[in-house]
Amino acid sequence: MLPSGSQEIDAVRFHSLSLELADRFPLAESASKLLYQATVAYARMNDFAAATATAARMVSVWRALCQANPTDDALSGHAHALDTLAGIYRARGMADEVAACLVELVEWHLACGNTVGVAWALRELGALAFRSGDLDNAAKKLTRADELYAEDAEDIWKCRRSTTLVRQGIGIPD
């Protein structure tokens with residue numbers, strides 16, 4: 001499909017093969033890796049409809065993996081897949097869909113007891129609210145993210161610092 005050094009791909013074949021692999025092996029991490037590569041390739045070609053389809057399928061692979069065996073690796077893969085899909089939605093200007101991905105991330109991180117993951121997703125929701133002009137919602141999300149980061153401060157000082165800077169930038173005191 002991709003000769004060495006070539007940037008050209010048979011997009012239709014690549015699309016069908018990546019989705020077919022995910023259909024045949026719905027719990028295979030390797031299927032998700034191919035779907036990610038397809039998503040990136042489509043985004044580079046500005047084919048965001050195809051990128052959305054492959055990213056959404058990538059999320060479904062990781063969601064199934066998390067449901068079958070909720071390990072740290074599966075949660076990490078699912079978070080990456082949701083972040084990838086959210087990135088495609090961002091590129092398409094689809095703020096509600098970005099928020100839905102982030103809300104799902106919060107839910108999964110809560111279910112798995114990953115406080116830092118919850119804080120990260122809330123920070124992203126706060127930034128999204130800020131960009132849309134919803135400053136009260138942004139302040140609530142960023143403040144809660146900051147509180148969660150403070151609960152787990154040893155491992156996440158850098159993340160907390162970035163949230164603090166954003167909060168200060170919109171006028172929320174420390």
Q: For Ala129, check side chain to side chain contact (heavy atoms under 4.5 Å, CB included) against everything at least two apart and list the hits.
A: Asp134, Asn137, Ala138

**Q.** Any donor-acceptor N/O pair, Thr143 side chain to Lys140 backbone, under 3.5 Å
**A.** no

Q. For the atom pair OG1 (Thr84) and OH (Tyr89), what is the distance rounded to the nearest 0.5 Å?
A. 12.0 Å

Q) Roughly how far apart are Leu35 CG and Ser60 OG, rounded to 0.5 Å? A) 7.5 Å

Q) Applying side chain to side chain donor-acceptor pair (under 3.5 Å), which residue pairs with at least one partner in residues 68-83 are found, sequence neighbours left out? A) His78-Glu104

Q.
For residues Met94 and Val59: do they belong to one hydrophobic cluster (side chain heavy atoms under 4.5 Å, members Ile, Leu, Val, Met, Phe, Trp, Tyr)?
A. yes

Q: Compare every heavy atom of Tyr149 with every heavy atom of Trp120, then report the nearest pair and how far apart it is.
A: CA-OH, 3.2 Å

Q: To the nearest 0.5 Å, tell me how far Leu122 CG sits from Leu128 CG.
A: 12.0 Å

Q) What pair of heavy atoms forms the shortest contact from Ala121 to Leu105, and how long is it? A) CB-CB, 4.0 Å

**Q.** Set of side chain to side chain contact (heavy atoms under 4.5 Å, CB included) partners for Ser32, sequence neighbours left out
**A.** Met58, Val61, Trp62

Q: Applying salt bridge (charged side-chain N to carboxylate O under 4.0 Å, His left out), name anything that partners Glu124, two or more places apart in sequence or on another chain.
A: Arg90

Q.
Can you list everything that forms a side chain to side chain contact (heavy atoms under 4.5 Å, CB included) with Gln67? Sequence neighbours excluded, please.
A. Arg63, Trp108

**Q.** Close side-chain approach of Tyr42 to Val40, heavy-atom, < 4.5 Å
**A.** no

**Q.** pair Leu102-Val98: side-chain heavy atoms closer than 4.5 Å
**A.** yes

Q. Does a side chain donor of either Thr54 or Arg57 reach within less than 3.5 Å of an acceptor in the other side chain?
A. no

**Q.** Leu85 to Thr52 - nearest heavy-atom pair and separation
**A.** CD1-O, 4.0 Å

Q.
Looking at every heavy atom in both Ala74 and Cys66, which two are closest together, and how far apart are they?
A. O-SG, 3.3 Å

Q.
Testing the basics here: between Ala55 and Ile88, what is the closest heavy-atom pair and its distance to 0.1 Å?
A. CB-CG1, 4.4 Å

Report, one line per pair, each donor and acceptor closer than 3.5 Å where one atom sits in a side chain of residues 110-119; sequence neighbours left out.
unit_1: Asn114; atom_1: OD1; unit_2: Val116; atom_2: N; d: 3.4
unit_1: Asn114; atom_1: OD1; unit_2: Gly117; atom_2: N; d: 2.9
unit_1: Asn114; atom_1: ND2; unit_2: His109; atom_2: ND1; d: 3.1

